[in-house]
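The figures that follow rest on heavy atoms only: side chains count, while hydrogens, waters and symmetry mates do not.
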Amino acid sequence: MVFRGLSFDVDAGNALVLVGPNGSGKTTLLRILAGLLTATIGRLQFFSDDRAQVSDDTRDQSAHFVAHSDTVKSSLTVKETLRFHADILGADRTRVQSAMETWDIARLGDLPGALLSAGQRRRVALARLSLQDRPIWLLDEPLIALDRSVRARLHDVCADHRAAGGLIVAASHEPFLEDAATLELGAHA
Amino acid sequence: MRAFTALLLRDIVLSLRSGGGAWLGAGFFVLIIALAPLGLGPEPALLKSAAPGLIWIAALLATLLGLERVIEPDLQDGTLDLLRMSALPLEFVVLAKVLAHWLTNGLVICVLAPLVSPMLFVDAKALWVVAASLLLGTPGLSFIGTAGAAVSAGVRRGGVLLALIVLPLNIPALIFGAGAINAVQHGSDPRQALLLLAAFSLIAAVVASLAAAAALRLNED
(Lines give C-alpha, C1' and ligand atoms only; values in the text may rest on other atoms or scores of the structure.)
Protein backbone atom coordinates (compact mmCIF):
# COMPACT_ATOMS: atom_id res chain seq x y z
CA MET A 1 0.00 0.00 0.00
CA VAL A 2 1.46 3.36 -1.09
CA PHE A 3 -0.95 5.65 0.80
CA ARG A 4 -2.80 5.26 4.05
CA GLY A 5 -5.29 7.74 5.46
CA LEU A 6 -4.76 10.11 2.56
CA SER A 7 -7.56 12.61 2.05
CA PHE A 8 -7.62 16.03 0.43
CA ASP A 9 -9.69 18.26 -1.77
CA VAL A 10 -8.69 21.16 -3.96
CA ASP A 11 -11.09 23.81 -5.19
CA ALA A 12 -10.99 25.76 -8.42
CA GLY A 13 -8.52 28.62 -8.26
CA ASN A 14 -6.44 26.82 -5.64
CA ALA A 15 -3.25 24.82 -5.72
CA LEU A 16 -1.88 21.92 -3.76
CA VAL A 17 1.81 21.19 -3.59
CA LEU A 18 2.80 17.63 -2.75
CA VAL A 19 5.99 17.43 -0.73
CA GLY A 20 7.87 14.55 0.77
CA PRO A 21 11.02 12.48 0.45
CA ASN A 22 11.91 10.41 -2.59
CA GLY A 23 9.63 7.41 -2.91
CA SER A 24 6.86 8.89 -0.80
CA GLY A 25 4.39 8.61 -3.68
CA LYS A 26 4.20 12.14 -5.11
CA THR A 27 4.50 11.02 -8.71
CA THR A 28 2.24 8.03 -8.07
CA LEU A 29 -0.47 10.31 -6.70
CA LEU A 30 -0.15 12.67 -9.68
CA ARG A 31 -0.44 9.74 -12.08
CA ILE A 32 -3.54 8.51 -10.25
CA LEU A 33 -5.02 12.00 -10.54
CA ALA A 34 -4.18 12.01 -14.26
CA GLY A 35 -5.92 8.67 -14.70
CA LEU A 36 -2.70 6.97 -15.78
CA LEU A 37 -2.71 4.72 -12.73
CA THR A 38 -5.70 3.13 -11.07
CA ALA A 39 -6.08 3.24 -7.31
CA THR A 40 -7.04 -0.24 -6.16
CA ILE A 41 -8.55 1.06 -2.92
CA GLY A 42 -10.05 4.45 -2.20
CA ARG A 43 -12.06 6.99 -4.10
CA LEU A 44 -11.04 9.85 -6.35
CA GLN A 45 -13.70 12.22 -7.60
CA PHE A 46 -13.65 15.30 -9.80
CA PHE A 47 -16.55 17.74 -9.78
CA SER A 48 -17.45 20.37 -12.32
CA ASP A 49 -18.45 23.94 -11.40
CA ASP A 50 -22.06 22.86 -10.93
CA ARG A 51 -20.89 20.13 -8.47
CA ALA A 52 -21.70 17.33 -10.93
CA GLN A 53 -19.21 14.50 -10.90
CA VAL A 54 -17.18 14.33 -14.10
CA SER A 55 -16.39 11.12 -15.95
CA ASP A 56 -12.88 9.76 -16.47
CA ASP A 57 -12.95 10.74 -20.15
CA THR A 58 -13.98 14.30 -19.29
CA ARG A 59 -11.27 14.40 -16.65
CA ASP A 60 -8.69 13.32 -19.24
CA GLN A 61 -9.80 16.12 -21.54
CA SER A 62 -9.73 18.61 -18.65
CA ALA A 63 -6.22 18.00 -17.39
CA HIS A 64 -2.70 18.79 -18.48
CA PHE A 65 -0.09 16.45 -17.03
CA VAL A 66 3.52 17.55 -17.27
CA ALA A 67 5.64 14.68 -16.00
CA HIS A 68 9.37 14.28 -15.26
CA SER A 69 9.97 13.28 -18.86
CA ASP A 70 9.84 16.07 -21.39
CA THR A 71 8.11 14.41 -24.40
CA VAL A 72 10.73 15.94 -26.72
CA LYS A 73 12.06 13.85 -29.62
CA SER A 74 15.69 14.38 -30.61
CA SER A 75 14.92 14.45 -34.33
CA LEU A 76 11.85 16.71 -34.23
CA THR A 77 12.14 20.48 -34.07
CA VAL A 78 10.53 22.43 -31.24
CA LYS A 79 7.82 23.69 -33.58
CA GLU A 80 7.09 20.18 -34.88
CA THR A 81 6.92 18.85 -31.33
CA LEU A 82 4.45 21.49 -30.22
CA ARG A 83 2.35 21.10 -33.37
CA PHE A 84 2.17 17.38 -32.67
CA HIS A 85 1.15 18.07 -29.06
CA ALA A 86 -1.50 20.52 -30.29
CA ASP A 87 -2.90 17.91 -32.67
CA ILE A 88 -2.98 15.23 -29.98
CA LEU A 89 -4.63 17.59 -27.49
CA GLY A 90 -7.10 18.79 -30.11
CA ALA A 91 -5.79 22.32 -29.62
CA ASP A 92 -5.75 25.11 -32.16
CA ARG A 93 -2.44 25.02 -34.06
CA THR A 94 -2.35 28.81 -34.16
CA ARG A 95 -1.57 28.76 -30.44
CA VAL A 96 1.78 27.08 -31.01
CA GLN A 97 3.47 30.38 -31.80
CA SER A 98 2.01 32.18 -28.77
CA ALA A 99 2.90 29.22 -26.53
CA MET A 100 6.51 29.39 -27.76
CA GLU A 101 6.57 33.14 -27.05
CA THR A 102 5.11 32.64 -23.58
CA TRP A 103 7.88 30.22 -22.70
CA ASP A 104 10.59 32.15 -24.56
CA ILE A 105 11.38 29.35 -27.01
CA ALA A 106 10.22 31.05 -30.23
CA ARG A 107 13.81 31.54 -31.38
CA LEU A 108 14.40 27.78 -30.87
CA GLY A 109 11.44 26.81 -33.07
CA ASP A 110 13.49 25.27 -35.87
CA LEU A 111 16.04 23.53 -33.64
CA PRO A 112 15.81 19.74 -33.24
CA GLY A 113 15.32 18.39 -29.74
CA ALA A 114 18.82 16.89 -29.79
CA LEU A 115 20.34 20.38 -29.68
CA LEU A 116 18.28 21.65 -26.75
CA SER A 117 19.58 21.97 -23.21
CA ALA A 118 17.75 20.27 -20.35
CA GLY A 119 16.15 23.59 -19.38
CA GLN A 120 15.04 24.29 -22.93
CA ARG A 121 13.52 20.81 -23.24
CA ARG A 122 11.67 21.44 -19.99
CA ARG A 123 10.30 24.70 -21.37
CA VAL A 124 9.01 22.84 -24.45
CA ALA A 125 7.22 20.41 -22.14
CA LEU A 126 5.73 23.26 -20.10
CA ALA A 127 4.65 25.08 -23.29
CA ARG A 128 2.00 22.38 -23.64
CA LEU A 129 0.16 24.14 -20.79
CA SER A 130 -0.27 27.16 -23.05
CA LEU A 131 -1.51 25.23 -26.09
CA GLN A 132 -4.99 24.64 -24.75
CA ASP A 133 -6.95 25.97 -21.79
CA ARG A 134 -7.57 23.09 -19.43
CA PRO A 135 -8.75 23.67 -15.86
CA ILE A 136 -6.59 21.05 -14.14
CA TRP A 137 -2.80 21.20 -14.22
CA LEU A 138 -0.82 18.31 -12.80
CA LEU A 139 2.86 19.19 -12.61
CA ASP A 140 5.59 16.77 -11.57
CA GLU A 141 8.75 18.60 -10.44
CA PRO A 142 8.04 21.55 -12.73
CA LEU A 143 11.09 23.55 -11.56
CA ILE A 144 13.68 20.98 -12.61
CA ALA A 145 16.39 22.44 -14.90
CA LEU A 146 14.69 25.86 -15.09
CA ASP A 147 16.71 29.03 -14.56
CA ARG A 148 15.54 31.89 -12.35
CA SER A 149 13.77 33.85 -15.09
CA VAL A 150 11.81 30.85 -16.35
CA ARG A 151 10.86 29.92 -12.79
CA ALA A 152 9.43 33.41 -12.38
CA ARG A 153 7.57 32.97 -15.66
CA LEU A 154 6.17 29.63 -14.50
CA HIS A 155 4.93 31.27 -11.30
CA ASP A 156 3.26 34.03 -13.34
CA VAL A 157 1.62 31.55 -15.70
CA CYS A 158 0.39 29.49 -12.74
CA ALA A 159 -0.95 32.62 -11.03
CA ASP A 160 -2.85 33.57 -14.21
CA HIS A 161 -4.23 30.03 -14.47
CA ARG A 162 -5.48 30.10 -10.88
CA ALA A 163 -6.91 33.59 -11.29
CA ALA A 164 -8.91 32.23 -14.22
CA GLY A 165 -10.35 29.51 -11.96
CA GLY A 166 -7.81 26.80 -12.77
CA LEU A 167 -6.58 24.21 -10.32
CA ILE A 168 -3.01 23.05 -9.85
CA VAL A 169 -1.60 19.99 -8.13
CA ALA A 170 2.19 19.90 -8.23
CA ALA A 171 4.90 17.72 -6.75
CA SER A 172 8.08 19.55 -5.92
CA HIS A 173 11.19 19.16 -3.82
CA GLU A 174 11.77 22.89 -4.05
CA PRO A 175 9.59 25.74 -2.79
CA PHE A 176 6.83 26.22 -5.37
CA LEU A 177 3.68 28.34 -5.25
CA GLU A 178 4.38 29.49 -1.69
CA ASP A 179 0.77 30.57 -1.12
CA ALA A 180 -0.55 27.09 -2.00
CA ALA A 181 -1.61 24.43 0.45
CA THR A 182 0.90 21.64 0.95
CA LEU A 183 0.39 17.96 1.51
CA GLU A 184 3.27 16.05 3.03
CA LEU A 185 3.17 12.54 1.69
CA GLY A 186 5.85 10.91 3.79
CA ALA A 187 3.47 11.03 6.75
CA HIS A 188 0.85 9.00 4.88
CA ALA A 189 3.01 6.59 2.94
CA MET B 1 -8.94 11.74 -36.98
CA ARG B 2 -6.62 14.72 -36.59
CA ALA B 3 -4.76 13.08 -33.71
CA PHE B 4 -4.52 9.81 -35.67
CA THR B 5 -3.07 11.55 -38.72
CA ALA B 6 -0.66 13.57 -36.58
CA LEU B 7 0.61 10.42 -34.86
CA LEU B 8 0.93 8.54 -38.16
CA LEU B 9 2.85 11.36 -39.85
CA ARG B 10 5.07 11.93 -36.82
CA ASP B 11 6.00 8.25 -36.64
CA ILE B 12 6.79 8.20 -40.37
CA VAL B 13 8.96 11.31 -40.02
CA LEU B 14 10.75 9.85 -36.99
CA SER B 15 11.37 6.59 -38.82
CA LEU B 16 12.78 8.32 -41.88
CA ARG B 17 14.81 10.90 -39.95
CA SER B 18 16.27 9.03 -37.07
CA GLY B 19 18.69 7.06 -39.20
CA GLY B 20 17.31 3.80 -37.84
CA GLY B 21 13.89 2.35 -38.67
CA ALA B 22 13.15 2.49 -42.36
CA TRP B 23 16.57 2.58 -43.99
CA LEU B 24 18.05 0.12 -41.53
CA GLY B 25 15.38 -2.50 -42.26
CA ALA B 26 15.58 -2.00 -46.02
CA GLY B 27 19.37 -2.14 -45.98
CA PHE B 28 19.33 -5.27 -43.83
CA PHE B 29 16.91 -6.99 -46.22
CA VAL B 30 19.01 -6.21 -49.29
CA LEU B 31 22.20 -7.24 -47.49
CA ILE B 32 20.89 -10.69 -46.54
CA ILE B 33 19.73 -11.35 -50.11
CA ALA B 34 23.05 -10.09 -51.48
CA LEU B 35 25.12 -12.16 -49.03
CA ALA B 36 23.26 -15.41 -49.65
CA PRO B 37 25.05 -16.28 -52.93
CA LEU B 38 28.38 -15.68 -51.15
CA GLY B 39 27.49 -18.04 -48.33
CA LEU B 40 25.59 -20.72 -50.24
CA GLY B 41 27.73 -20.64 -53.36
CA PRO B 42 26.95 -19.54 -56.91
CA GLU B 43 25.00 -22.68 -57.88
CA PRO B 44 21.74 -21.33 -59.48
CA ALA B 45 19.62 -24.39 -58.62
CA LEU B 46 20.59 -24.27 -54.95
CA LEU B 47 19.96 -20.52 -54.69
CA LYS B 48 16.66 -20.84 -56.52
CA SER B 49 15.42 -23.53 -54.16
CA ALA B 50 16.56 -21.57 -51.09
CA ALA B 51 15.19 -18.26 -52.37
CA PRO B 52 11.60 -18.44 -51.01
CA GLY B 53 12.78 -19.17 -47.46
CA LEU B 54 15.65 -16.67 -47.64
CA ILE B 55 13.42 -13.87 -48.91
CA TRP B 56 10.87 -14.41 -46.16
CA ILE B 57 13.42 -14.88 -43.37
CA ALA B 58 15.13 -11.67 -44.51
CA ALA B 59 11.77 -9.84 -44.54
CA LEU B 60 10.89 -11.18 -41.10
CA LEU B 61 14.20 -10.12 -39.54
CA ALA B 62 14.21 -6.77 -41.34
CA THR B 63 10.78 -5.85 -39.96
CA LEU B 64 11.93 -6.95 -36.51
CA LEU B 65 14.76 -4.41 -36.53
CA GLY B 66 12.58 -1.30 -36.34
CA LEU B 67 10.09 -2.66 -33.83
CA GLU B 68 11.94 -1.56 -30.70
CA ARG B 69 11.45 2.02 -31.80
CA VAL B 70 7.69 1.71 -32.24
CA ILE B 71 6.57 1.97 -28.59
CA GLU B 72 9.62 2.16 -26.31
CA PRO B 73 10.76 5.75 -27.11
CA ASP B 74 7.24 7.08 -26.50
CA LEU B 75 7.14 5.24 -23.18
CA GLN B 76 10.52 6.59 -22.11
CA ASP B 77 9.94 10.25 -23.01
CA GLY B 78 6.38 10.47 -21.69
CA THR B 79 4.64 10.78 -25.08
CA LEU B 80 2.68 7.62 -24.27
CA ASP B 81 1.14 9.42 -21.25
CA LEU B 82 0.05 12.20 -23.58
CA LEU B 83 -1.49 9.65 -25.94
CA ARG B 84 -3.20 7.77 -23.12
CA MET B 85 -4.81 11.01 -21.90
CA SER B 86 -5.88 12.04 -25.40
CA ALA B 87 -9.28 11.42 -26.97
CA LEU B 88 -7.69 8.96 -29.41
CA PRO B 89 -8.52 5.37 -28.33
CA LEU B 90 -5.44 3.24 -27.73
CA GLU B 91 -6.57 0.83 -30.47
CA PHE B 92 -6.19 3.72 -32.93
CA VAL B 93 -2.84 4.68 -31.42
CA VAL B 94 -1.73 1.12 -32.18
CA LEU B 95 -3.22 1.28 -35.67
CA ALA B 96 -1.35 4.51 -36.46
CA LYS B 97 1.90 2.99 -35.22
CA VAL B 98 1.40 -0.23 -37.21
CA LEU B 99 0.59 1.74 -40.34
CA ALA B 100 3.67 3.94 -39.93
CA HIS B 101 5.85 0.89 -39.32
CA TRP B 102 4.47 -0.92 -42.36
CA LEU B 103 4.76 2.08 -44.67
CA THR B 104 8.40 2.64 -43.70
CA ASN B 105 9.44 -1.03 -43.45
CA GLY B 106 7.07 -3.57 -45.00
CA LEU B 107 6.15 -1.52 -48.05
CA VAL B 108 9.79 -0.65 -48.75
CA ILE B 109 10.67 -4.37 -48.59
CA CYS B 110 7.75 -5.16 -50.97
CA VAL B 111 9.20 -2.71 -53.49
CA LEU B 112 12.80 -3.86 -53.06
CA ALA B 113 12.17 -7.62 -53.07
CA PRO B 114 11.39 -8.05 -56.81
CA LEU B 115 14.46 -5.96 -57.60
CA VAL B 116 16.91 -8.03 -55.56
CA SER B 117 15.31 -11.48 -55.89
CA PRO B 118 16.98 -12.15 -59.30
CA MET B 119 20.25 -12.38 -57.33
CA LEU B 120 18.80 -15.67 -56.03
CA PHE B 121 17.83 -16.78 -59.55
CA VAL B 122 14.12 -16.38 -58.84
CA ASP B 123 12.22 -16.76 -62.14
CA ALA B 124 10.93 -13.57 -63.71
CA LYS B 125 7.41 -15.05 -63.71
CA ALA B 126 7.67 -15.57 -59.92
CA LEU B 127 8.62 -11.99 -59.11
CA TRP B 128 5.00 -10.81 -58.92
CA VAL B 129 4.33 -13.56 -56.37
CA VAL B 130 7.35 -12.41 -54.35
CA ALA B 131 5.89 -8.89 -54.26
CA ALA B 132 2.31 -10.08 -53.70
CA SER B 133 3.25 -12.44 -50.86
CA LEU B 134 5.15 -9.68 -49.09
CA LEU B 135 2.38 -7.17 -49.73
CA LEU B 136 -0.15 -9.53 -48.14
CA GLY B 137 2.05 -10.85 -45.33
CA THR B 138 4.10 -7.89 -44.08
CA PRO B 139 1.09 -6.03 -42.62
CA GLY B 140 0.60 -9.05 -40.37
CA LEU B 141 4.26 -8.88 -39.36
CA SER B 142 3.82 -5.21 -38.43
CA PHE B 143 0.67 -5.90 -36.39
CA ILE B 144 2.20 -8.80 -34.46
CA GLY B 145 5.47 -6.91 -34.08
CA THR B 146 3.73 -3.86 -32.64
CA ALA B 147 1.84 -6.05 -30.17
CA GLY B 148 5.17 -7.59 -29.15
CA ALA B 149 6.68 -4.11 -28.83
CA ALA B 150 3.80 -3.06 -26.58
CA VAL B 151 4.18 -6.12 -24.37
CA SER B 152 7.96 -5.76 -24.06
CA ALA B 153 7.95 -1.95 -23.62
CA GLY B 154 9.65 -0.88 -20.42
CA VAL B 155 11.20 -4.30 -19.87
CA ARG B 156 14.98 -4.55 -19.45
CA ARG B 157 16.51 -6.17 -22.54
CA GLY B 158 13.09 -5.82 -24.11
CA GLY B 159 14.58 -6.37 -27.57
CA VAL B 160 15.36 -10.00 -26.79
CA LEU B 161 11.89 -10.53 -25.32
CA LEU B 162 10.40 -8.84 -28.37
CA ALA B 163 12.17 -11.26 -30.72
CA LEU B 164 11.10 -14.23 -28.59
CA ILE B 165 7.47 -13.10 -28.68
CA VAL B 166 7.29 -12.06 -32.31
CA LEU B 167 9.30 -14.66 -34.22
CA PRO B 168 7.26 -17.75 -33.26
CA LEU B 169 4.00 -15.92 -33.96
CA ASN B 170 5.23 -15.04 -37.44
CA ILE B 171 5.91 -18.65 -38.43
CA PRO B 172 2.60 -18.94 -40.38
CA ALA B 173 3.60 -15.96 -42.54
CA LEU B 174 6.98 -17.56 -43.18
CA ILE B 175 5.39 -20.88 -44.22
CA PHE B 176 2.65 -19.39 -46.43
CA GLY B 177 4.91 -16.70 -47.91
CA ALA B 178 7.71 -19.08 -48.83
CA GLY B 179 5.07 -21.60 -49.92
CA ALA B 180 3.54 -19.16 -52.41
CA ILE B 181 6.91 -18.43 -54.05
CA ASN B 182 7.80 -22.12 -54.02
CA ALA B 183 4.51 -23.01 -55.65
CA VAL B 184 4.92 -20.62 -58.56
CA GLN B 185 8.54 -21.72 -59.06
CA HIS B 186 7.32 -25.31 -59.39
CA GLY B 187 4.49 -24.38 -61.72
CA SER B 188 1.72 -24.72 -59.14
CA ASP B 189 -0.99 -22.21 -58.28
CA PRO B 190 0.21 -19.85 -55.50
CA ARG B 191 -3.26 -18.43 -54.82
CA GLN B 192 -4.07 -20.73 -51.91
CA ALA B 193 -0.91 -19.74 -50.05
CA LEU B 194 -1.53 -16.07 -50.85
CA LEU B 195 -5.08 -16.27 -49.50
CA LEU B 196 -3.79 -17.88 -46.32
CA LEU B 197 -1.26 -15.05 -46.01
CA ALA B 198 -4.07 -12.51 -46.35
CA ALA B 199 -6.02 -14.37 -43.67
CA PHE B 200 -2.94 -14.32 -41.43
CA SER B 201 -2.69 -10.54 -41.77
CA LEU B 202 -6.41 -10.02 -41.17
CA ILE B 203 -6.41 -12.16 -38.03
CA ALA B 204 -3.24 -10.42 -36.84
CA ALA B 205 -4.87 -7.02 -37.43
CA VAL B 206 -7.77 -7.83 -35.12
CA VAL B 207 -6.02 -9.83 -32.42
CA ALA B 208 -2.75 -7.90 -32.29
CA SER B 209 -4.47 -4.48 -32.23
CA LEU B 210 -6.55 -5.45 -29.22
CA ALA B 211 -3.59 -7.17 -27.53
CA ALA B 212 -1.29 -4.19 -28.09
CA ALA B 213 -3.86 -1.71 -26.77
CA ALA B 214 -4.46 -3.90 -23.72
CA ALA B 215 -0.71 -4.16 -23.12
CA LEU B 216 -0.37 -0.37 -23.29
CA ARG B 217 -3.25 0.03 -20.82
CA LEU B 218 -1.74 -2.48 -18.44
CA ASN B 219 1.80 -1.24 -18.96
CA GLU B 220 1.66 1.04 -15.95
CA ASP B 221 -0.85 -0.76 -13.76
Residue part contacting chain B, namely of A/L89, when any heavy atom lies under 4.5 Å: side chain

Validation row: A/L146, A/R123 side chains within 4.5 angstrom (heavy atoms): yes

Option that, when pairs with chain A are counted at under 4.5 Å, heavy atom only, ranks first among B/L88, B/L83, B/T79: B/T79

Chain B contact via A/V72 - which portion, at a heavy-atom distance below 4.5 Å: backbone

Over 12 non-hydrogen atoms of neighbours within 6.0 angstrom of CZ in B/F92: no

Side-chain heavy atoms of A/F65 within contact of A/L33, under 4.5 Å: no

Beyond-backbone contact of A/L76 with B/R17, side-chain heavy atoms, under 4.5 angstrom: yes

Segment of A/R83 engaging chain B (4.5 angstrom heavy-atom cut-off): neither

Within residues 130-139 of chain B, residues adjacent to chain A where the heavy-atom gap is under 4.5 Å: none

Any B/L95 side-chain heavy atom under 4.5 Å of B/E91 side chain: no

Side chain to side chain, A/P142 and A/V66, heavy atoms closer than 4.5 Å: no

Verdict with reasoning, A/D140 to A/R31, per salt bridge (Lys or Arg N to Asp or Glu O under 4.0 Å): CA-CA 9 Å; A/D140 197 358; A/R31 296 186 77 80; over 6 Å; no

Gap separating the OG atom of A/S172 from the CD1 atom of A/I144, nearest 0.5 angstrom: 8.0 Å

Non-hydrogen side-chain atoms of B/L47 and B/M119 separated by less than 4.5 Å: no

Chain A contact via B/L7 - which portion, at a heavy-atom distance below 4.5 Å: both

Chain B contact via A/R121 - which portion, at a heavy-atom distance below 4.5 Å: neither

